[in-house]
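A short write-up of the structure that comes next.
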Amino acid sequence: MLRRTLLFAALVGLWQLYVAVADVSPLVFSSPWDVAVALVEGWGSGALVGPTLTTLRILGFGMVIGMALALALTALAVATRVGEDVLSLLTAMINPLPSVAVLPLAMLWFGLNETALVFVVANAVLWPMAVNLGTGFRTVPQTTLMVGRSLGLRGWRLIRDVHLPSALPHTVAGVKTGWAFGWRTIIAAELVFGVAGAQGGLGFFINNARFYLDIPDVFAGLVTIAVIGIALDLVFSVLERQTVVRWGMKQGAVT
């Protein structure tokens, strides 16, 4: 924590040094102090609270749907050869595709509402989660599977009681990767999409501030995104330490 605090202070110092030495226009770049003032005012007045909660709510819905679909597809792939072929084919086709690229189709299918954004986020989370789950399921030791089958476990019970616990390191890695993909996608989609429903999210907040040349607010939105990313990364790290590392499964984790 001390090292990271010092590193953060050094980065802020370099930021301030650049603003002072380069004499950059405030319409292009803001100083750390101006951004700090914008952050305090934005969170104090609620101007940043609403967009942040909107983005997190849409992201949460999309992640739940994406993870549920990933589990269903991976379970089907484990249970049947056809399911394995379907998952492999869909992953090869869709996983390399930038998720925000399906936003125009989502807008046509669902309209200009939050459903379109949830669909895009679910698509972003689904495929990396499925890839990690699939890897975890395929690397379950055969001895463990045979023990489970000898105890009468079949179908969903075998997946729930054997595959999922054994694939925990890959599952945690999949959730972290899916979160990162979903977070980037929702911000990019909001920048393009604008307001979803009654209120826009962080992407809309940033784009709207850019439109009015309110550069401190642009940076305040970006800093908010970064802080949320750091906070959730710490949450995932604690979760990994309390489960994967604590239970001696670190060697099975995907890095």
query: Quick one: does D34's side chain get under 4.5 Å of S31's, heavy atoms only?
result: yes
message: Would you say L11 ends up clustered with L234 if hydrophobic residues are merged whenever their side chains have heavy atoms under 4.5 Å apart, either directly or through other cluster members?
response: no
statement: Which of T74, V175, L87 passes side-chain contact (heavy atoms from CB on, under 4.5 Å) with L133? It is T74
statement: Heavy-atom closest pair (V121 atom, M63 atom, distance to 0.1 Å) is CG1-N, 4.2 Å
- request: For the pair M67 and L71, evaluate side chain to side chain contact (heavy atoms under 4.5 Å, CB included) and give the outcome as yes or no after the intermediate values.
  value: CA-CA 6 Å; M67 289 189 294; L71 178 58; over 6 Å; no
query: Do you know which two heavy atoms are closest between G203 and E190, and how far apart they sit?
result: N-OE1, 2.9 Å
Distance in Å, L213 CG paired with L27 CG, rounded so as to fall on 0.5 Å steps: 6.0 Å
- prompt: CE of M129 to CH2 of W179: how many Å apart, nearest 0.5 Å?
  reply: 15.0 Å
query: Between I225 and I206, is any pair of side-chain heavy atoms under 4.5 Å apart?
result: yes
- line: Rounded to the nearest 0.5 Å, the OG atom of S237 sits from the CG atom of L232 at a distance of 10.5 Å
- prompt: Judged by atom type as modelled, is there a donor-acceptor pair below 3.5 Å linking the side chain of W15 to the main-chain atoms of S30?
  reply: yes
task: Give the intermediate values and the outcome of side chain to side chain contact (heavy atoms under 4.5 Å, CB included) for residues W183 and L56.
output: CA-CA 9 Å; W183 187 232; L56 291 176; 3.9 Å; yes
field: Close side-chain approach of D85 and L89, heavy atoms under 4.5 Å
entry: no
message: Would a single hydrophobic cluster contain both L39 and V37, if residues Ile, Leu, Val, Met, Phe, Trp and Tyr are joined by side-chain heavy-atom contacts under 4.5 Å?
response: no
task: Kindly indicate whether the side chain of L7, heavy atoms from C-beta on, has any atom under 4.5 Å from the side chain of R3.
output: no
A70 to L126 - nearest heavy-atom pair and separation: N-CD1, 3.2 Å
- line: CG (L59) and OG1 (T54) are apart, to the nearest 0.5 Å, by 12.0 Å
message: What I'd like to find out is whether the side chain of F205 reaches to under 4.5 Å of the side chain of T55, using heavy atoms alone.
response: no
query: Hey, does the Lys NZ or Arg CZ of R57 hover above the aromatic six-ring of F61, less than 6.0 Å from the centre and inside 45° of the axis?
result: no
- request: Please work out which of the three classes, parallel, tilted or perpendicular, describes the rings of F119 and F110, given edges at 30° and 60°.
  value: tilted
message: Are F181 and L97 connected into the same hydrophobic cluster when the rule is that any two of I, L, V, M, F, W, Y join if their side-chain heavy atoms are below 4.5 Å apart?
response: no
message: Just so I know, are the side chains of I65 and V118 near enough to count as touching, which here means a heavy-atom distance under 4.5 Å?
response: yes
message: Side chains of V12 and W33, heavy atoms from C-beta outward: is any pair under 4.5 Å?
response: no
query: For atom CZ of F29, is the number of surrounding heavy atoms from other residues, nucleotides or ligands below 6.0 Å larger than 12?
result: yes
field: Atom pair CH2/CD1 of W127 and I94 - distance to nearest 0.5 Å
entry: 4.0 Å
- request: Determine, step by step, whether W43 and T224 satisfy the side chain to side chain contact (heavy atoms under 4.5 Å, CB included) criterion, reporting the C-alpha distance in whole Å, the side-chain angles of both residues, the deciding distance to 0.1 Å, and the verdict.
  value: CA-CA 10 Å; W43 282 95; T224 299; 3.7 Å; yes
Non-hydrogen atoms of G182 and V125 that approach each other most closely: CA-CG2, 4.2 Å
query: Is there a chain of hydrophobic side chains (I, L, V, M, F, W, Y, each step under 4.5 Å between heavy atoms) that links V64 to I58?
result: no
query: CD1 of I187 to CG of L202: how many Å apart, nearest 0.5 Å?
result: 5.0 Å
message: Quick check on the hydrophobic clustering: are F204 and Y212 connected, directly or via other members, by side-chain heavy-atom contacts under 4.5 Å?
response: no
query: Minimum heavy-atom separation for A116 to G111, with atom names?
result: CB-O, 3.7 Å
- prompt: Do D214 side-chain atoms and R210 backbone N/O form a donor-acceptor pair below 3.5 Å?
  reply: no
- request: Side-chain contact test, heavy atoms from C-beta onward, threshold under 4.5 Å: evaluate it for L76 versus V86 and give yes or no.
  value: no
statement: Heavy-atom closest pair (N132 atom, A173 atom, distance to 0.1 Å) is OD1-CB, 3.9 Å
